[in-house]
Asks: 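Have a look at the structure that comes next, please.
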Amino acid sequence: MPEHLRLGVNIDHVATIRNARGGRHPDPVRAARLAAACGADGITAHLREDRRHMTDGDIERLIADIELPLNLEMAATDEMLGIALRHCPHAACIVPERRQERTTEGGLDVAGGRDRLVRFVDALSAKGIRVSLFIEPEARQIEAAAAIGAPVVELHTGAYCEAGAGDAPAQLARLEAAAAAAAALGLECHAGHGIAFDSVGPIARIPTLAELNIGHFLIGEAIFDGLDRAIRRMRELMDAARRDERASAPA
């Protein structure tokens, strides 16, 4: 089990609020700096094809101005590949992207798109960019990710986070099994989507997870309590859950 479960803070929706009115405020780079001061281990930003939140200029400023590793979420398109290769962020997470969706819905179909995706994995890896694939917690997707050489998978946690009390145990078991399967294949395993204060604990206790990426909930909580308090609280809950897991693990 990784001693420290990393927290990646997704700042996309700081830019969404800025773009609703135009101008420069609120500034996502300022949010990234605040996240760093509050215990984040990395910053995640999704440069979508339609630029609905982050812009090219935001990515340039994040690369230049922050010290934390930047995880660039991107679709598997030639335009986004060129941007990633030009800026060389610490990591690139390839996600599915559809123009009509409000946010990323579901995981990437790696099993059905292996021949197309391998080119992106190879090109990013050759530049020293850590590649992850955002997938559903399914064995076939994990196996396909390993087969095309991706070193990291990020499990889509939406089904668990949105599940009712009756379905939540089964959805959590899916995540646990998928994280274990990824580790068995030598992949680093991350998780994200929809994680909130009330759902982070069971996810953080999954021993083979190395990183959680959380954004929308934190930006929403910032309206009421401030972004610094929201990030610090999430960090505390993650650390407490990981301590509990280590304490309960067999000697």
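Quick note: numbers below take in every heavy atom, side chains included, and nothing from hydrogens, waters or symmetry partners. Counting from 1, the numbers follow the sequence of the chain as shown.
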Asks: Are R51 and D56 ion-paired here, with the side-chain N under 4.0 Å from a carboxylate O?
Replies: yes
Asks: Looking only at side chains, do D122 and S125 share a donor and an acceptor under 3.5 Å apart?
Replies: no
Asks: Below 4.5 Å, heavy atoms only, C-beta onward: do F120 and M80 meet side chain to side chain?
Replies: no
Asks: Could you go through the side-chain contact (heavy atoms from CB on, under 4.5 Å) check for I43 and I66 one step at a time?
Replies: CA-CA 9 Å; I43 299 298; I66 67 169; 3.8 Å; yes
Asks: State, yes or no, whether a side-chain contact exists between C93 and V95 at a heavy-atom distance under 4.5 Å.
Replies: yes
Asks: What closest approach, in Å, do I129 and A92 show between heavy atoms, and which atom pair accounts for it?
Replies: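 So the two residues come closest at CG2-N, 3.6 Å.
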Asks: Check whether any side-chain heavy atom of I83 lies under 4.5 Å from a side-chain heavy atom of E79, and answer yes or no.
Replies: yes
Asks: Check for a donor-acceptor pair, side chain of E154 on one end and backbone N or O of S132 on the other, with a separation under 3.5 Å.
Replies: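 Flag not set: sc E154 to bb S132 has no pair under 3.5 Å.
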Asks: Show your reasoning for whether side-chain contact (heavy atoms from CB on, under 4.5 Å) applies to H25 and V14.
Replies: CA-CA 9 Å; H25 305 290; V14 177; over 6 Å; no
Asks: What's the separation between atom CG in L175 and atom CD1 in I206, rounded to the nearest 0.5 Å?
Replies: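 Atom-to-atom, L175:CG and I206:CD1 are 5.0 Å apart.
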Asks: According to a hydrophobic-cluster definition based on side-chain heavy atoms being under 4.5 Å apart (Ile, Leu, Val, Met, Phe, Trp, Tyr only), do L172 and L155 belong together?
Replies: yes
Asks: Check whether any side-chain N or O of T157 sits under 3.5 Å from a backbone N or O of Y160 as a donor-acceptor pair, and report yes or no.
Replies: no
Asks: Report the distance from atom NE2 of H46 to atom CD1 of I59, rounding to the nearest 0.5 Å.
Replies: 9.5 Å
Asks: Distance-only, no hydrogens or angles: does the S248 side chain make a donor-acceptor pair with backbone N or O of D244 under 3.5 Å?
Replies: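 Present.
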Asks: Measure the acute angle between the ring planes of F217 and F197, then classify it against the limits of 30° and 60° as parallel, tilted or perpendicular.
Replies: perpendicular
Asks: Checking side-chain contact (heavy atoms from CB on, under 4.5 Å) for the pair L7/I231: CA distance, chi angles, key distance, verdict?
Replies: CA-CA 9 Å; L7 170 60; I231 294 172; 4.2 Å; yes
Asks: Is R235 salt-bridged to D41, cutoff N-O under 4.0 Å?
Replies: yes
Asks: May I ask you to say whether E236 pairs ionically with R229, meaning some side-chain N is under 4.0 Å from a carboxylate O?
Replies: no
Asks: Considering non-hydrogen atoms only, spot the tightest contact between A76 and R116 and give its length.
Replies: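 Closest pair (atom of A76, atom of R116, distance): O-NH1, 3.1 Å.
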Asks: When rounded to the nearest 0.5 angstrom, what is the spacing between CG in N10 and CG in L212?
Replies: 13.0 Å
Asks: Grab the two heavy atoms, one from R232 and one from A37, that are nearest each other, plus how far apart they are.
Replies: NH2-O, 3.6 Å
Asks: When you compare the side chain of R233 with that of E221, does any pair of heavy atoms fall below 4.5 Å?
Replies: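 No, every pair of side-chain atoms sits at 4.5 Å or beyond.
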Asks: Walk me through whether M234 and I214 qualify under side-chain contact (heavy atoms from CB on, under 4.5 Å).
Replies: CA-CA 9 Å; M234 188 64 77; I214 307 173; 3.7 Å; yes
Asks: Atom CG in L62, atom CG in L70: separation rounded to 0.5 Å?
Replies: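 Those atoms lie 5.5 Å apart.
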Asks: Taking the side chain as C-beta and beyond, is there a heavy-atom pair between I203 and C161 under 4.5 Å?
Replies: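 A side-chain contact under 4.5 Å exists here.
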Asks: Enter the distance from E245:CD to L209:CG here, rounded to the nearest 0.5 Å.
Replies: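 That separation rounds to 10.5 Å.
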Asks: Hey, what do you get for NE2 (H4) to CE (M238), rounding to the nearest 0.5 Å?
Replies: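 These two atoms lie 7.0 Å from each other.
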Asks: Which atom pair, heavy atoms only, marks the closest approach of A75 to I94?
Replies: C-CG2, 4.5 Å
Asks: Under a 4.0 Å threshold between the charged nitrogen and the carboxylate oxygen, would D27 count as salt-bridged to R33?
Replies: no
Asks: Identify the two heavy atoms, one from A145 and one from L133, that lie closest to each other, and give their separation to 0.1 Å.
Replies: CB-CD1, 3.8 Å
Asks: Begin with the C-alpha distance, continue with both residues' side-chain angles, and end with the deciding distance and a verdict on salt bridge (Lys or Arg N to Asp or Glu O under 4.0 Å) for R114 and D109.
Replies: CA-CA 8 Å; R114 287 170 54 163; D109 183 12; over 6 Å; no
Asks: Taking the basic N atoms (NZ, or NE/NH1/NH2) and the acidic carboxylate oxygens, is any pair closer than 4.0 Å for D78 and R119?
Replies: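 Salt bridge between D78 and R119, a charged N being under 4.0 Å from a carboxylate O: yes.
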Asks: May I have the step-by-step check of side chain to side chain donor-acceptor pair (under 3.5 Å) for T16 and N19, ending in yes or no?
Replies: CA-CA 5 Å; T16 303; N19 296 349; 5.9 Å; no
Asks: Report yes if some heavy atom in the side chain of R48 is under 4.5 Å from a heavy atom in the side chain of M54; otherwise report no.
Replies: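 They are not in side-chain contact.
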Asks: Any salt bridge between R242 and E211, counting N to O under 4.0 Å?
Replies: no
Asks: In the structure I gave you, are the side-chain heavy atoms of I219 and I17 within less than 4.5 Å of one another anywhere?
Replies: yes
Asks: Before you tell me yes or no, could you show the steps for D58 and R18 under salt bridge (Lys or Arg N to Asp or Glu O under 4.0 Å), namely the whole-Å CA-CA distance, both residues' side-chain angles and the distance that decides it to 0.1 Å?
Replies: CA-CA 12 Å; D58 291 329; R18 176 199 61 195; 2.8 Å; yes
Asks: Where the side chain of Q141 meets the backbone of V110, is there a donor-acceptor pair that is under 3.5 Å apart?
Replies: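 Yes, the answer is positive, given that a donor and an acceptor are paired below the 3.5 Å cut-off.
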Asks: Under 4.5 Å between any side-chain heavy atoms of H193 and H216, yes or no?
Replies: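 The answer is no; the side chains never approach within 4.5 Å.
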Asks: Could you tell me which non-hydrogen atom of P89 sits nearest to which non-hydrogen atom of A84, and how far apart they are?
Replies: CD-O, 3.4 Å
